[in-house]
Structure formats: C-alpha cells, structure tokens
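Scroll down for the structure; my scribbles are underneath it.
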Amino acid sequence: MHPKPNQTIVFDHVVTNTGGKFNSKTGVFTCPTQGVYAFSWTVYCSNGGYLISELVVNSRSVGDMLCSGQGDDNIRHTSSVAVVELNEGDRVYVRTHPIAVLNGVLWSGPTYLSSFSGWTVI
C-alpha cells in the first residue's frame, strides 16, 4: 500500500484473535477489560523509502517509530513495543504519522509480513 498521513494500517491477516476483540477490517483492537497491555508492531518499507508509524489509543499517540529504507537496495523493517494502561472499550491501532511526509510503500505479504500484536500484562 502507498499510505497517506494519518491512515490506519489495517492488518487483515489474523493468526490469533482470542476473544475476538481485534477487527481485521478496521485494524482496531477494542480493549475488553481494564488492565496493562503490551503491543508490538512491525512494518516493512520499500528500498529508498521511509514512513513513520505510531501506536494510537483513542486518537492519542502512545509510541512511534521510523522505518527507513533510504540508501538501501532492499526492503527494510522496523519494530517497536509499547506498554499502556487501558480501560474497557479503549481503541488501539497503528496509523501513519498525521503530519509527517511519507515516501515509499508499506509492504506485507508472505515474505515480508508487517504485523500487529497485543497481549495482557496484568
């Protein structure tokens, strides 16, 4: 995909969705119970390109990362982790940065799998 600023990244290939609280059509996880959760996400970007993604809770950024393939002749990836305290009903998702300039393609497929994971800590 060629993402635009402030675009939710939809991770539509679901491996595990215990409780069914991740919506693969919207890319949004809805918190079932209050607690501390950990989330990780990995994105692949095209060679020569770059993008900034961020983990969002209820429209508020709680973590971000830069994936840069500039100066490379192959696809690159970057991963990040954030630990957050959530309330029941909070919505968590990954999006592109709302104002940063993006250059390149976000990759996901059998060889280069961009991903989003979350789990309860306590």
Side-chain angles (χ1 to χ4, degrees):
M1 77 186 246
H2 296 272
K4 295 177 175 45
N6 204 36
Q7 181 177 344
T8 300
I9 299 172
V10 178
F11 300 91
D12 57 358
H13 176 77
V14 177
V15 176
T16 305
N17 190 9
T18 304
K21 296 300 181 178
F22 178 73
N23 185 323
S24 62
K25 293 186 184 348
T26 63
V28 176
F29 168 77
T30 302
C31 180
T33 57
Q34 191 238 350
V36 176
Y37 291 77
F39 293 93
S40 70
W41 71 106
T42 299
V43 295
Y44 283 82
C45 61
S46 59
N47 57 315
Y50 58 89
L51 63 92
I52 299 172
S53 63
E54 53 187 13
L55 183 72
V56 178
V57 176
N58 299 330
S59 302
R60 182 177 60 91
S61 176
V62 295
D64 58 23
M65 72 175 177
L66 167 69
C67 182
S68 176
Q70 291 185 307
D72 290 314
D73 58 1
N74 205 343
I75 295 169
R76 304 295 284 181
H77 74 280
T78 308
S79 298
S80 191
V81 175
V83 178
V84 293
E85 188 168 348
L86 298 177
N87 293 308
E88 181 178 348
D90 283 350
R91 296 167 40 90
V92 182
Y93 54 96
V94 177
R95 72 176 177 202
T96 55
H97 193 274
I99 59 173
V101 175
L102 307 173
N103 176 24
V105 176
L106 175 67
W107 287 87
S108 193
T111 306
Y112 307 104
L113 187 60
S114 292
S115 62
F116 175 53
S117 301
W119 58 95
T120 306
V121 176
I122 54 172

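Residue numbers run from 1 in the order of the sequence given.
Listed by first then second residue, pairs satisfying salt bridge (charged side-chain N to carboxylate O under 4.0 Å, His left out) with a partner in residues 112-122 number zero, not counting sequence neighbours. Residue pairs that meet the side chain to side chain donor-acceptor pair (under 3.5 Å) test with at least one member in residues 56-66, sequence neighbours left out, are E54-S61, N58-D90. Pairs passing the salt bridge (charged side-chain N to carboxylate O under 4.0 Å, His left out) check and including a residue from residues 98-114, sequence neighbours excluded, do not occur.
A single hydrophobic cluster is seen to contain both V62 and W41, as judged by linkage of ILVMFWY side chains at heavy-atom distances under 4.5 Å, directly or through other members. Taking hydrophobic clusters as Ile, Leu, Val, Met, Phe, Trp and Tyr residues chained together by side-chain heavy-atom distances below 4.5 Å, L86 does not share a cluster with I122.
When all heavy atoms of V83 and A38 are compared, the pair lying nearest together is CG2-CB, 4.2 Å. A100 and P5 get closest at one heavy-atom pair: O-CG, 3.9 Å. Here the closest heavy-atom approach between residue S53 and residue V94 is recorded as CB-CG1, 4.1 Å. In terms of heavy atoms, M65 sits closest to T78 at CE-O, 3.2 Å. The nearest pair of heavy atoms linking Y37 to P32 is OH-CD, 3.8 Å.
Remark: L66 engages Y50, I52, S68 in a side chain to side chain contact (heavy atoms under 4.5 Å, CB included) (not counting sequence neighbours). With sequence neighbours left out, the side chain to side chain contact (heavy atoms under 4.5 Å, CB included) criterion links S40 to V81, S117, W119. Judged as a ring pair (Phe, Tyr, Trp, His ring centres under 6.0 Å), and not counting sequence neighbours, the contacts of F11 are F116. With sequence neighbours excluded, the residues forming a side chain to side chain contact (heavy atoms under 4.5 Å, CB included) with T96 are P3, Q7, I9, L102, listed by chain and number. By the side-chain hydrogen bond (donor to acceptor under 3.5 Å, both in side chains) test, N6 is found to be paired with R95, residues two or more places apart in sequence or in another chain being considered. The side-chain hydrogen bond (donor to acceptor under 3.5 Å, both in side chains) test applied to S79 returns T42, not counting sequence neighbours.
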Please table the atom pairs, donor to acceptor, closer than 3.5 Å between any side-chain atom in residues 12-21 and protein atoms at least two apart or in another chain.
unit_1: N17; atom_1: OD1; unit_2: K21; atom_2: N; d: 3.4
unit_1: N17; atom_1: OD1; unit_2: F22; atom_2: N; d: 3.2
unit_1: N17; atom_1: ND2; unit_2: F22; atom_2: O; d: 2.9

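Within the 4.5 Å cutoff, no side-chain heavy atoms of T30 are placed close to those of N23. Using a 4.5 Å heavy-atom threshold, the side chains of Y112 and S114 count as separate.
The other residues sharing a hydrophobic cluster with Y93 are V28, V56, where clustering joins ILVMFWY side chains under 4.5 Å apart.
Note that the OH atom of Y44 and the CZ atom of R76 stand 10.5 Å from one another [nearest 0.5 Å]. With rounding to the nearest 0.5 Å, the separation of SG in C45 from CG in L106 is 8.5 Å.
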